[in-house]
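Below, chain A is the first sequence line, B the second, and so on; all start at residue 1. From a predicted model like this one, the values you see are computed outputs, not experimental measurements.
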Number of protein chains: 2
Amino acid sequence: MAYTQTALAALAALGDPTRRAIFERLAARPLAVGQLSEGLPVTRSAVSQHLKILKQAGLVADVSEGTRRIYRLDPRGIGAMRAWLDGFWTQALDDFAAFVDQPHEPPPQKDPA
Amino acid sequence: MAYTQTALAALAALGDPTRRAIFERLAARPLAVGQLSEGLPVTRSAVSQHLKILKQAGLVADVSEGTRRIYRLDPRGIGAMRAWLDGFWTQALDDFAAFVDQPHEPPPQKDPA
DNA sequence: TTTGTGTGTAAGCCATGGCTAACGGTTAGC
DNA sequence: GCTAACCGTTAGCCATGGCTTACACACAAA
């Protein structure tokens, strides 16, 4: 499960509101750094720093186009997060069903050691 | 799309490493707060504060069991995150395919207004 | 009621990290 | 060559938030 590290980095990256805004903005269409910063309440420098983190997390990818640098979504980070979440999805449903079906189940023992 | 707010709160909550550790620990099995803090490098008080945030994000749910309080995973928050991610998944694949199929596509215009 | 267990909460400290300003580097065009 | 446009990086400031300590509340057993 080598995707775990990528998934954790992606989760940490998308924990910041500004990075989520950048991510959602790139989902609409690929953009250069300057265009990206125009619609955001922070400096182009801040956007560049966030893009570095998003890129390391596998959430975005960039392509040089002359002097400009076009950023777009990268499926790798998103896929890693999806796989990570799916691991808990069925487990959460099972736990939920257990509490519904057996509400009087004794609680887990204090120290099974 | 009322799940968006829940998804954003869940993303912000899982951005913290300690909260991810709590979340993964609860995925193994439901636990009380005391048991939860025993396996973590922080105080029980810190765990309680994190659980409050995770609960508000719809990621965990709790049930009173005498004086103890059993926490388990809540499918709602996880489902909201999955739905939020799926909205970008196909878009990311499309963007990726566009860059692969047409690498010489002209960059987006500077200001379409 | 009294005692002990289990938990949530408030106050405060302090490190993490997001932000701006300034600089340096690269490319395109003249 | 020179100039302009675009971007990444650094240094440093400062607010956010995670942590601990101490306190307050709820429940169970005696």
Listed pairs under 3.5 Å, donor-acceptor, residues 9-17 of chain A side chains, sequence neighbours left out:
| from | atom 1 | to | atom 2 | distance (Å) |
| --- | --- | --- | --- | --- |
| A:Asp16 | OD2 | A:Thr18 | N | 3.1 |
| A:Asp16 | OD2 | A:Arg19 | N | 3.1 |

Length of the line joining A:Leu54:CG and C:dG17:C1', which is rounded to integer Å:
15 Å
With hydrophobic residues grouped by side-chain heavy-atom distances under 4.5 Å, do A:Leu36 and A:Ile53 end up in a single group?
no
Name the nucleic acid region contacted by A:Thr18, choosing base, sugar-phosphate or nothing; use a 4.0 angstrom heavy-atom cut-off, strictly under.
sugar-phosphate
If the condition is side chain to side chain contact (heavy atoms under 4.5 Å, CB included), which residues does B:Gln56 pass it with, not counting sequence neighbours?
B:Lys52
Which whole-number value in Å describes the distance from A:Leu14 CG to C:dG17 P?
16 Å
Any residue meeting side chain to side chain contact (heavy atoms under 4.5 Å, CB included) with B:Ser37, in chain and number order, not counting sequence neighbours
B:Arg44, B:Val47
Length of the line joining B:Ile53:CD1 and D:dG18:C1', which is rounded to integer Å
9 Å
Axis deviation across the helix from C:dT1-D:dA30 to C:dC30-D:dG1, five-pair ends, to the nearest 10°:
30°
Would you mind reading off the distance between B:Glu38 atom CD and C:dT5 atom P, rounded to a whole angstrom?
14 Å
Main chain of B:Ala46, side chain of B:Gln49: is a donor-acceptor contact present, judged purely on distance under 3.5 Å?
no
Just N and O in the side chain of A:His50: are any of them under 4.0 Å from OP1 or OP2 of C:dC19?
yes
Under 4.0 Å between a side-chain N/O of A:Thr43 and OP1 or OP2 of C:dC19, yes or no?
no
Using atom CG of A:Leu36 as one end and atom P of D:dC6 as the other, report the distance to the nearest whole Å.
14 Å
Going by the rule salt bridge (charged side-chain N to carboxylate O under 4.0 Å, His left out), which residues pair with B:Arg69 if we only count those two or more places apart in sequence or in a different chain?
B:Asp62
Whole angstroms only, please: what is the CZ-C1' distance between A:Arg19 and C:dC19?
12 Å
With a 4.5 Å cut-off on side-chain heavy atoms, are B:Arg68 and B:Gln35 touching?
yes
Just the rounded figure in Å: distance from P of C:dC19 to CD1 of A:Ile22.
8 Å
Between the protein and nucleotides 7-11 of chain D, list every N/O to N/O distance that falls short of 3.5 Å.
| from | atom 1 | to | atom 2 | distance (Å) |
| --- | --- | --- | --- | --- |
| D:dC7 | OP1 | A:Val33 | N | 3.1 |
| D:dC7 | OP2 | A:Gly34 | N | 2.8 |
| D:dG8 | OP1 | A:Tyr71 | OH | 2.7 |
| D:dG8 | OP2 | A:Ser48 | OG | 2.7 |
| D:dG8 | O5' | A:Ser48 | OG | 3.4 |
| D:dG8 | N7 | A:Arg44 | NH1 | 3.2 |
| D:dG8 | O6 | A:Arg44 | NH2 | 3.1 |
| D:dT9 | O4 | A:Ser45 | OG | 2.8 |
| D:dT10 | O4 | A:Gln49 | NE2 | 3.3 |

Given the rule in the side chain to side chain contact (heavy atoms under 4.5 Å, CB included) test, do A:Ile22 and A:Arg20 qualify, once you have shown the distances and angles that lead to the verdict?
CA-CA 5 Å; A:Ile22 294 176; A:Arg20 279 199 302 270; over 6 Å; no
Spatial distance of atom CG (B:Leu8) from atom OH (B:Tyr3) [nearest 0.5 Å]
10.0 Å
